[in-house]
There are 2 protein chains.
Amino acid sequence: MATRTHAPTRREQILKEAARLFAERGFHGVGVDEIGAAVGISGPGLYRHFAGKDAMLAELLVGISGQLLTGAKRRLQEAEAEGGGNPGTPGVSGASGALGVPVGPEAEAVLDSLIEGHIDFALDDRPLITLHDRELDRLRDSDRKLVRQLQRQYVELWVEVVREVYPGLAEPAARSAVHSVFGLLNSTPHLGRPGSLPGRAATATLLRRMAKGAFAAAGA
Amino acid sequence: MATRTHAPTRREQILKEAARLFAERGFHGVGVDEIGAAVGISGPGLYRHFAGKDAMLAELLVGISGQLLTGAKRRLQEAEAEGGGNPGTPGVSGASGALGVPVGPEAEAVLDSLIEGHIDFALDDRPLITLHDRELDRLRDSDRKLVRQLQRQYVELWVEVVREVYPGLAEPAARSAVHSVFGLLNSTPHLGRPGSLPGRAATATLLRRMAKGAFAAAGA
DNA sequence: CAGGGAGGTTAGCGGTCGTTAACCTGAGGG
DNA sequence: CCCTCAGGTTAACGACCGCTAACCTCCCTG
């Protein structure tokens with residue numbers, strides 16, 4: 001929450017409006033003139049800020065994936081520090097590597113935290129969540145590889161935590177379960193315009209309960 | 001399952017390939033030449049079968065929505081007949097109207113059946129499931145209205161059944177829960193190509209368990 | 001007070017795309 | 001045996017779109 005308290009720069013305005021338009025009508029369905037018009041300038045003026053239309057999409061998608069992954073890593077480390085957890089055993093789940101996943105009851109708290117973070121993101125940046133799994137194929141190869149790598153790390157982080165909480169889940173099943181819960185949490189754009197919702201807090205609570213219930217049912 | 005045992009006609013070939021391409025690269029990202037090439041003819045030959053590119057998308061989306069709704073209605077009626085259920089009380093849930101929803105334990109069986117049907121569809125027609133909630137806005141107004149109406153009926157049918165199974169759920173919460181479970185079930189396109197999956201039956205079982213777990217958690 | 005760069009503008013080019021026009025062909029029926 | 005017509009073909013048109021070129025105009029700074 002401590003990010004970005006300054007006034008939004010032009011670039012940020014453009015990215016925000018571009019995200020909204022891309023989410024509404026698809027990358028190919030939006031012209032650069034429309035993006036420009038949405039921020040008060042028109043057409044080719046955008047090229048003072050971005051190399052091209054592709055570059056806007058790339059920056060959006062890389063930003064989303066990175067933000068999700070960074071937040072998840074932060075939450076995992078916070079839980080690790082808070083729990084005082086096992087300084088000598090950075091990883092218990094076999095050949096996993098990059099990050100130490102807490103064990104036992106602490107793992108469940110981490111999973112809750114991951115769910116909470118993803119819900120916040122899905123509710124606060126609905127256009128971005130839409131783009132994130134819809135327009136990936138419109139990227140240049142190098143950008144697409146980068147985004148895919150970030151997404152994969154994010155998924156793997158969830159999978160490790162989920163398997164710690166539900167040891168009965170085999171790895172492929174856990175991965176499928178994680179993707180399915182992402183589908184559940186990312187359904188917020190379909191829940192009607194923000195106003196027909198029963199309130200943000202109530203929606204978040206419902207989503208959290210459903211996600212936990214889905215995981216629990218998967219791990220039975 | 002009894003539908004379409006005959007050899008596929010040209011129109012059906014075209015629709016199938018168009019659905020795949022639209023799902024892969026988006027409606028605006030696919031040219032008519034590519035669609036034609038996918039069925040062995042090239043470019044404008046498609047116009048012997050469809051009025052235009054828009055018409056293909058419209059037929060696909062209307063077909064999907066109608067198929068989902070029809071299947072759901074059929075399952076509801078089958079359960080009604082099988083349960084022998086309450087011929088004098090066609091509807092117990094207040095001012096609902098079009099269809100009689102069974103009460104009590106029968107309702108849970110109906111919900112299971114709805115989940116089963118949706119999973120079958122999501123696993124068998126992944127491109128269509130993708131299009132269904134992605135390219136709706138590219139339709140002409142009249143077609144879009146029709147599709148929206150069919151989708152809304154489908155959702156309402158689920159909502160009625162869910163509220164019968166979990167009477168504690170208020171209507172807006174039930175609607176959100178239904179949309180979220182759709183998100184969960186429609187996540188199959190993200191589960192990797194059909195082959196990296198742990199097998200269709202295992203995937204279906206996992207999805208079914210998670211959907212039921214999510215509903216149960218929502219209705220607590 | 002020059003001057004230079006940041007951030008706009010409009011005109012226009014080149015390519016792509018959906019669609020139409022005009023033409024061809026092979027199979028079935030009177 | 002011709003005629004028709006379903007189902008193709010290629011050529012081409014018009015619109016649109018991403019992007020560049022050329023130019024303008026403040027504002028800030030030495």
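Note: hydrogens, waters and symmetry copies are ignored here, and every other heavy atom, side chains too, is used. Every chain is numbered from 1, with letters handed out A, B, ... down the list of sequences.
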Does C/dA6 have OP1 or OP2 under 4.0 Å away from a side-chain N or O of A/R10?
no
Using the side chain to side chain contact (heavy atoms under 4.5 Å, CB included) criterion, which residues pair with A/R152? Sequence neighbours excluded.
A/Q149, A/E156
With B/R148 as partner, the option from B/D141, B/D137, B/D143 fulfilling salt bridge (Lys or Arg N to Asp or Glu O under 4.0 Å) is B/D137
Not counting sequence neighbours, which residues clear side-chain hydrogen bond (donor to acceptor under 3.5 Å, both in side chains) with [X]? List them please.
{"X": "B/H118", "answer": "B/Y154, B/N186"}
{"X": "B/E171", "answer": "B/R175"}
{"X": "B/R75", "answer": "B/S113"}
{"X": "A/R209", "answer": "none"}

Generate the contact string for nucleotides 17-22 of chain C. Rules: B means base contact, S means sugar-phosphate contact only, - means no protein heavy atom under 4.0 Å.
-SBB-B
Identify the 5'-most and 3'-most nucleotides of DNA chain D with at least one atom closer than 4.0 Å to a non-hydrogen atom of chain A.
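Answer, 5' to 3': D/dG18 to D/dC23.
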By ring pair (Phe, Tyr, Trp, His ring centres under 6.0 Å), B/F27 pairs with (sequence neighbours left out) B/F22
Tell me, which pairs form a salt bridge (Lys or Arg N to Asp or Glu O under 4.0 Å) where one or both residues lie in residues 45-60 of chain B, sequence neighbours left out?
B/R11-B/E59
I need the full list of salt bridge (Lys or Arg N to Asp or Glu O under 4.0 Å) pairs touching residues 23-33 of chain A, with sequence neighbours left out, sorted by first then second residue.
A/R20-A/E24, A/R25-A/E34
Which residues in residues 55-64 of chain A have a heavy atom closer than 4.0 Å to any atom of DNA chain D?
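Of all residues in residues 55-64 of chain A, none places a heavy atom under 4.0 Å from DNA chain D.
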Considering residues at least two apart in sequence or located in another chain, which fulfil the salt bridge (charged side-chain N to carboxylate O under 4.0 Å, His left out) criterion with B/D125?
none
Check the distance between C/dG8's P and A/F50's CZ and give it to me in whole angstrom.
12 Å
